[in-house]
> 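Supplied in structure tokens, the structure appears directly below.
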Amino acid sequence: MRINDLLLPQTMILDLQATTKLAAFKEMISVLYQQGRITDPDTFLSGILAREEQTTTGLGDGIAIPHAKNAAVKTPTIVFARSQQGVDYEALDGQPVKLLFMIAVPDTASNTHLEALASLSRYLLQDGFTDKLLTASSPDEIRQLFSEEGEALSNVDAVQSVALESPDVPLIVAVTACTTGIAHTYMAEEALKKQATEMGVRIKVETNGASGVANRLTDAEIKEAQGVIVAADKKVEMARFDDKKLVMKPVAEGIRHPEALIDEVLEGSAPVYHATTTDTSGQKVQTNQEHMSIGKAFYRHLMSGVSSMLPFVIGGGIAIAIAFLIDQSLGVPHDQLANLGTYHPAAAFFKQIGGTAFDFMLPVLAGYIAYSIAEKPGLVVGFLAGALAANGYNINNVGLDPNQLPVPSGFLGALVGGFLAGGVVLMLKYALAKLPKALDGIKSILFYPVFGVIITGFLMLLINIPMASINSGLNNFLNSLNGTNAILLGTLLGGMMAIDMGGPINKAAYVFGTGTLAQTISTGGSPVMASVMAGGMVPPLAIFVATLLFKNKFNKKNREAGLTNIVMGLSFITEGAIPFAAADPARTIPSFVVGSALAGGLVGMSGIKLLAPHGGIFVVALTSSPVMYLVYIAIGALVSGVIYGLIKRADD
């Protein structure tokens, strides 16, 4: 059945008089009643209004498709109405609606009718088609437009069918579904397919419409797909997407922003979906819990946090590097070296931007680890855990010892906090599983965040304490070595900079180095600070060396990250290596420690001094031997990079 079999000249209104949604509905329904297509206007209006209560059918761009599958409908019909002044419709984009298609379907409609009605959405998304409808002068011209566009769509389908078979471009799979399964389902399908074609991406879209599931995704297609898009307002089959990167949005997002959904999948920023099912007690459990090892689960959750954190590390790190470059190029007095990166207003501006981005790093890491474990309810609790790890607030500050300053627990604290937050939310889900179903709606917006924040917050107060003890013990140990053996001290501090890359051990070595700098400004700088910075520069540079010399062991994304780590390493931003270390700590961290310790030891052996507390290559002129300093760093990076490349397993 074609669109023109349902869109009759007698059911077209080319100059709609109504200016409000309700008035437009009544004016269009009166045409249906006059043409004998419905038996009761009030009953059908009730069905239309009930659909509008679920979500507006004003799709934006001046189009609305009110629809209902209703007992009052005698014959499937489309009423077309065109408004010159526009209807205040509360559309998705907030703009007036000028083209309205009211779909009337009997509650016993056959699949043939539903499929014909669903295809209407495809016509409306074709470039320039709505403009033609706005200027058409007669019902016959409108019907002719639909007839011509139908032939064009048949040709598009043939092209897309061929493109879907090509293995040379990425494949995305998608599912669309709206509550009634008549209009939005198929508009989202068409919008995604159209956008994918423009972007040169293969896409297979399964529709969960009123007539059932069409274009069902196969296991092979799901396995091959780079990611999954679910644009749905009702429940769809989700277990099959376990362990795939997945974007889940309302169906309206598939219609309005298909490019953003596809980009999220292609960029790899979509979270990994973890399928859940319900056991006999009604509690949600992992569907793959029985066969998923602890190591695999840990890796999956950790990588969810690391991949979300990475943009903050890169963006913030490069902004900070620019700040040091500005100060270095404009010059900073020796007595103001402690303010390097913030001395000139322009430098301070970039330092503020970079520092702000870095401030998000730990909350995002912990937040998305928790999100991976406990889904959306874990996000807010994880963000809290990461923020508390960053500010170091602990139980002593609450009342045991109010005079003790907070001690940040850094990367390791956020990592532990993320898993802790996810576990807390899972326990809350279990504890609240038997609450009355009437309370299901407020679990996620009240019970989980309130109890999760309070419980996790208290536990983080305890977790930050051992980190403070570690930092204190390390500082005392380092102080006992100062001045006794420069080589040993340089080796130790350089290695410490690579152990947790921005965490408490790294920070302990850095604070110790800056402390010695304050005492050696008058004597030309601190060899301890020089060893610390050399050791901290090695891990990111080692990543670059490994991705350059062992390309076959890294996928494209990691090779690109290797190039980024050049800037990180040269800028003394050790955190740039964190994503690689977190993904494979057993191989990366020992590799980094060897090279960093070697660089630090060589610097200590040569007695190279440094006047600046930060800046990497941008302050190398402030060392007592710039050339040898760079040589020692290069040696450390080369050793670490080669070791890492040799022992690393190839990326999947």
Side-chain angles (χ1 to χ4, degrees), residues 315-359 405 408 475 478-479 482-483 486 489-490 493-494 497 502 506-538 540-541 566-576 599-600 602-634:
I318 292 178
I320 292 172
I322 293 173
F324 287 118
L325 177 61
I326 291 173
D327 266 358
Q328 176 67 15
S329 61
L330 296 179
V332 178
H334 278 193
D335 61 347
Q336 292 294 322
L337 287 176
N339 296 321
L340 192 71
T342 59
Y343 183 75
H344 293 95
F349 171 72
F350 281 98
K351 184 72 182 303
Q352 180 67 33
I353 292 175
T356 301
F358 259 46
D359 288 343
L405 295 176
N475 275 312
L478 291 173
N479 280 319
N482 189 25
L489 185 58
L493 290 172
M497 291 297 292
N506 171 286
K507 288 297 186 285
Y510 179 73
V511 170
F512 181 76
T514 55
T516 63
L517 180 65
Q519 302 170 4
T520 56
I521 290 291
S522 60
T523 61
S526 166
V528 174
M529 188 68 238
S531 294
V532 166
M533 192 164 77
M537 293 171 68
V538 165
L541 294 175
I566 299 176
V567 178
M568 295 291 194
L570 294 178
S571 304
F572 183 35
I573 300 173
T574 318
E575 288 87 347
L602 290 172
V603 169
M605 177 187 69
S606 299
I608 298 176
K609 298 178 181 180
L610 175 64
L611 280 167
H614 211 301
I617 195 173
F618 304 116
V619 298
V620 71
L622 300 177
T623 64
S624 58
S625 180
V627 174
M628 291 308 300
Y629 191 64
L630 291 176
V631 169
Y632 292 151
I633 293 171

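For clarity, every value in this text was computed on a predicted model and none was experimentally measured.
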> Between Tyr632 and Ser531 (side chain of the first, backbone of the second, donor and acceptor by atom type, cut-off under 3.5 Å), is there such a pair?
no
> Output the distance between atom CD1 (Ile633) and atom CE (Met628), rounded to the nearest 0.5 Å.
11.5 Å
> Does Ile608 offer a backbone N or O that forms a donor-acceptor pair with the side chain of Ser606 under 3.5 Å?
no
> About how many Å separate CD of Gln352 and CG of Asp359, when rounded to the nearest 0.5 Å?
8.5 Å
> State, to 0.1 Å, how close Ser571 and Val567 come at their nearest heavy-atom pair, and which atoms those are.
OG-O, 2.7 Å
> If every non-hydrogen atom of Gly536 is compared with every non-hydrogen atom of Thr574, which pair is closest and at what distance?
O-OG1, 2.8 Å
> Drop me the distance from Leu610's CG to Tyr629's OH, to the nearest 0.5 angstrom.
5.5 Å
> Of all heavy-atom pairs between Tyr343 and Asp327, which one has the smallest distance, and what is that distance?
N-OD2, 3.0 Å
> Give the minimum heavy-atom separation between Pro527 and Val603, together with the two atoms involved.
O-CG1, 4.4 Å
> Partners of Leu570 by side chain to side chain contact (heavy atoms under 4.5 Å, CB included), sequence neighbours excluded?
Leu541, Ile566, Ile617
> What are the two closest heavy atoms between Lys609 and Ala530, and how far apart are they?
C-CB, 4.3 Å
> What pair of heavy atoms forms the shortest contact from Ala509 to Leu493, and how long is it?
CB-CD2, 3.9 Å
